[in-house]
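What follows is a short report on a single structure.
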Amino acid sequence: MAFILANGKQQYFDDTGNPLSGGKLWTMQPGAGVTTPKATWIDAGETALNTNPIILNARGEAQVFWSGGYNVRLESATGGLIYTVENINIEPSAETLDAELRADLASTTSSKGAGLIGLDYAATYAAQTAGFYLKADEIFVGTNTSADSAALQTALTRNAGGSLAVVGTVLLTAEVSPADNTVLDLRKARIIDKNAINGYTIRAIGKTGITIIGGRFSPDPSIVTAVHPTGTYGSGSAIQFDGCTNCHVTQANISNFYGAVNLYNSSNCSARGNYLTDNAGGIQALADNTLGFGSSTVKGIDFSHNIILHSGDDGLSFLIGAGHTGTISGSRIAFNHVTKDVGIHGTVGQARGIALVSEPTSGANNVYGVEIIGNTGYYMGSEFIRATGVIRSTIAHNFVDGFAANGAVAAYTFGDLTTGAYGVQDCVLEDNRAINNLTNSQAVVIDGALRCKITNNFAKTTIAGDGAMRLDNSTFNVIRDNTMHNASAFGIKLAATSTDNDLYANDVSVAVAGISDLGARNYKENNIGWATANVGQAGIAGASTSVVVNHGINVVSSGRLRVRATPISPLYAGTEFYVGMFTTTQFTITMDIAPGGANTSFFQWDVYESRA
């Protein structure tokens, strides 16, 4: 675009239309009757001032650069008044306007910068425009009033599929629900739940792709509280995913709820890096065909790197509803820390750290293909890890300091590191550590195990009349390279219902008694502190026809003792011998005729305990 060039100088005329030679141009501040002088310039850069008045040349001209508003008085050369004009507004140049606009847009004051840009959330903005991105990245500011619930839900609805950041304190009197594929950023927000009993703070039903980041969640202390055996808590749960897929919670700080994070009939979801304290329940995945939403075939759950303190119930759990059907598979609970010591709710003697439970009335082992790896526990109220109805899964590299038995359900919940009261099948229990029993309890209880590999575990406990490791109703398991210390009784105890298990190279040397085997066909070999094989020599001298040998092995019954004796010298007068009179500590080698005189017949013997 081209422009006409304005005259370089301004020209003034007298009353007859002739150039005002030598005329006087006075410039003053704008306003009615104002005569205060105001400067003009010879140049646009405002470096050289005009005189005031300005004396016009012979053609009535002057070179005048103005700025803003003026009062103007024009006189003849002799001072006669030609005219006066007040409040003349001089428009700025395009360059000035450009510079001022740029400054306004760059400003961070509320009336400039972003404050100059409007946004209509009902409008559709083209991609790559400011409106498109502003609408996609709304910020919600909490007011800590009852109006927050409706306002936040409105923001979530119009922000569906985008990212909503929440700041400040938000008071919720009703649950809110994000839409599919929404990122809810709560890292700078405090969420106070004032919902009714059994309600939820954030709940999604049948959604996908939701991510919740951060947030400090706590119930309003004035609401009706939910009663739990360990105390009273804020009702409901902080975050609830029902029948959802690909939904995630991370970096949340949740305290004093009945449940912290629940995933019911939800798959490919995670809870990672959260901090939970003083909740009745921690983080739970539930599969249950009676819930009315989602699929009870649950998979792809990841609970990892969470810290859970003082929960009254299970810290982390995979559960199948009691009496119902469902499966949980392809999932993990990994690298979490659970502490159950006395908090503001409950006492030692409450709850489990980690639970994998398929309730017995569901009729099957429905938790399978899961990993429980690298978790740590401190001062458990009950078991650290409980596995019931679990198949083809791994429990490895976990550590607990301080554990107790849950005597109220002792019929099937015996110990503390692992309990499979209704069956763990084809599982690996490896390299777990358990020390410091808080009550008279076993460290490792395997109840109803079939074809499991139980290796390289370490336990240190004090339990009278029982074992640091106890196996009930278990068969065809390999129990190898474990170290089981028990200052009061057995290192390992196999109940009469446990049969056909192989025990190799376990260390039970730091125990009052190494191994108690009441079952049948359990094979033991090379266990430190519990000899099951020995070799030696014995002699029958002179007129004697027999010798009693202390075999030095630990055998459950004389019927399982197997002895072989071989002569390594002449029998002399004797013609044959036999081995018999077995006890759990001795056997006897007998010859038909004494060697006689000064002769001694020597025998090499070896002894071992048979499987049956």
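What you see is a predicted model; the values in this text were computed from it and never measured.
- For the pair Asn482 (side chain) and Asn456 (backbone), a donor-acceptor distance under 3.5 Å is present.
- Here the side chains of Ser237 and Asn262 are in contact, with some heavy-atom distance below 4.5 Å.
- Scanning both residues, Asn274 and Val249, for their nearest heavy atoms gives ND2-O, 3.3 Å.
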Begin from the C-alpha positions of Thr461 and Asn486 and carry the test side-chain hydrogen bond (donor to acceptor under 3.5 Å, both in side chains) through to its verdict.
CA-CA 5 Å; Thr461 187; Asn486 184 0; 5.6 Å; no

Take Ile202 and Gln240, measure what side-chain contact (heavy atoms from CB on, under 4.5 Å) needs, and give me the verdict at the end.
CA-CA 6 Å; Ile202 298 175; Gln240 184 88 13; over 6 Å; no

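- Tyr523 and Glu609 form no side-chain donor-acceptor contact under 3.5 Å, judged by distance and modelled atom types alone.
- Ile254 has its side chain within reach of Val261: a pair of non-hydrogen atoms, C-beta onward, lies under 4.5 Å apart.
- Under a 3.5 Å cut-off, the side chain of Ser509 and the backbone N or O of Gly529 do not form any donor-acceptor pair.
- There is no side-chain donor-acceptor pair under 3.5 Å between Glu525 and Asn527.
- Every residue meeting the ring pair (Phe, Tyr, Trp, His ring centres under 6.0 Å) condition with Phe587, not counting sequence neighbours, appears here in chain and number order: Trp605.
- Between Leu518 and Lys493, some side-chain heavy-atom pair lies under the 4.5 Å cut-off.
- Across Thr532 and Asn526, no two heavy atoms sit closer than the pair OG1-N, 4.1 Å.
- With 3.5 Å as the limit, one finds a donor-acceptor pair spanning the side chains of Asn398 and Asn375.
- Minimum interatomic distance between Phe217 and Ala238 (heavy atoms only, all atoms of both residues): CD2-CB, 4.1 Å.
- Residues forming a ring pair (Phe, Tyr, Trp, His ring centres under 6.0 Å) with Phe582 (at least two apart in sequence, or on another chain): none.
- Using a distance-only test at 3.5 Å, with no hydrogens or angles considered, no donor-acceptor pair links the side chain of Asp502 to the main chain of Val478.
- Proximity of Val508 to Phe490: side-chain heavy atoms (C-beta onward) are nowhere separated by under 4.5 Å.
- Residues Val370 and Ile395 have side chains not in contact (no heavy-atom distance under 4.5 Å, counting atoms from C-beta outward).
- Put simply, CD1 on Ile528 and CG on Asp507 are 4.5 Å apart, with the number rounded to the nearest 0.5 Å.
- Under the 3.5 Å distance criterion, the side-chain polar atoms of Asn522 are matched with a main-chain donor or acceptor of Ser498.
- Looking at heavy atoms from C-beta onward, Leu316 lies in side-chain contact with Asn336 at the 4.5 angstrom threshold.
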Might you work through the side-chain contact (heavy atoms from CB on, under 4.5 Å) test for Asn432 and Val400, ending with a clear yes or no?
CA-CA 8 Å; Asn432 300 287; Val400 59; over 6 Å; no

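- Contact check for Ile479 versus Asn501: side-chain heavy atoms found under the 4.5 Å cut-off.
- Within the model, atoms CG of Asp431 and OG1 of Thr394 stand 12.5 Å from one another, a figure rounded to the nearest 0.5 Å.
- Here the closest non-hydrogen pair linking Arg392 and Cys427 is N-SG, 3.7 Å.
- Proximity of the aromatic rings of Phe318 and Phe303 is defined here by a centroid distance below 6.0 angstrom, and this criterion is met.
- The main-chain N or O of Asp288 is never found under 3.5 Å from a side-chain atom of Ser296 such that the two would form a donor-acceptor pair.
- Between atom CD1 of residue Ile301 and atom CZ of residue Phe241 there is a gap of 10.5 Å, rounded to the nearest 0.5 Å.
- Asn256 contributes no side-chain N or O that, together with a main-chain N or O of Asn279, makes up a donor-acceptor pair within less than 3.5 Å.
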Gln251 and Tyr275: CA distance, side-chain angles, deciding distance, side-chain hydrogen bond (donor to acceptor under 3.5 Å, both in side chains) verdict:
CA-CA 7 Å; Gln251 301 177 40; Tyr275 184 90; over 6 Å; no

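- For the pair Arg480 and Tyr504, the cation sits on the ring face: its NZ or CZ lies under 6.0 Å from the ring centre, inside 45° of the axis.
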Check against side-chain contact (heavy atoms from CB on, under 4.5 Å), Asn506 and Asp481:
CA-CA 4 Å; Asn506 300 287; Asp481 294 312; 5.5 Å; no

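- Here the NE2 atom belonging to His310 is positioned 6.5 Å from the OG1 atom belonging to Thr339, to the nearest 0.5 angstrom.
- With hydrogens and angles disregarded, no donor-acceptor distance shorter than 3.5 Å links the side chain of Thr455 to the backbone of Lys453.
- Taking each heavy atom of Thr297 and Ser267 in turn, the nearest pair found is O-OG, 3.5 Å.
- Considering only residues two or more places apart in sequence or on other chains, His337 meets the ring pair (Phe, Tyr, Trp, His ring centres under 6.0 Å) condition with none of them.
- Taken from CE in Met469 to CD1 in Ile515, the straight-line distance is 10.0 Å, to the nearest 0.5 Å.
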CA sep, side-chain torsions, deciding dist, call: Tyr368, Ile328, side-chain contact (heavy atoms from CB on, under 4.5 Å)
CA-CA 6 Å; Tyr368 62 93; Ile328 297 179; over 6 Å; no

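- Partners of Lys207 by side-chain contact (heavy atoms from CB on, under 4.5 Å), not counting sequence neighbours, listed by chain and number: Ser177, Asp180, Ala204, Ile210, Cys244.
- Looking only at atom types and distance, the side chain of Asn534 has no donor-acceptor partner in the side chain of His551 under 3.5 Å away.
- With hydrogens and angles disregarded, no donor-acceptor distance shorter than 3.5 Å links the side chain of Asp242 to the backbone of Arg203.
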Please set out all donor-acceptor pairs under 3.5 angstrom arising from side-chain atoms of residues 183-191, sequence neighbours excluded.
{"unit_1": "Asp185", "atom_1": "OD1", "unit_2": "Arg187", "atom_2": "N", "d": "3.1"}
{"unit_1": "Asp185", "atom_1": "OD1", "unit_2": "Arg187", "atom_2": "NE", "d": "3.0"}
{"unit_1": "Asp185", "atom_1": "OD2", "unit_2": "Arg187", "atom_2": "NE", "d": "3.4"}
{"unit_1": "Asp185", "atom_1": "OD2", "unit_2": "Arg187", "atom_2": "NH2", "d": "2.7"}

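- Here the CG atom belonging to Leu286 is positioned 7.5 Å from the CD1 atom belonging to Ile320, to the nearest 0.5 angstrom.
- Between the side chain of Thr497 and the main chain of Ala495, no donor-acceptor pair closer than 3.5 Å is present.
- Thr208 and Thr245 form a side-chain donor-acceptor contact under 3.5 Å, judged by distance and modelled atom types alone.
- Taking the side chain to side chain donor-acceptor pair (under 3.5 Å) definition, one finds that Gln586 meets it with Asn550, sequence neighbours left out.
- Formation of a donor-acceptor pair under 3.5 Å by the Asn477 side chain with backbone atoms of Arg451 is found in this model.
- Counting heavy atoms from C-beta outward, Ile212 and Thr250 have side chains that stay 4.5 Å or more apart.
- Of all heavy-atom pairs between His248 and Ser270, the closest is ND1-OG, 2.7 Å.
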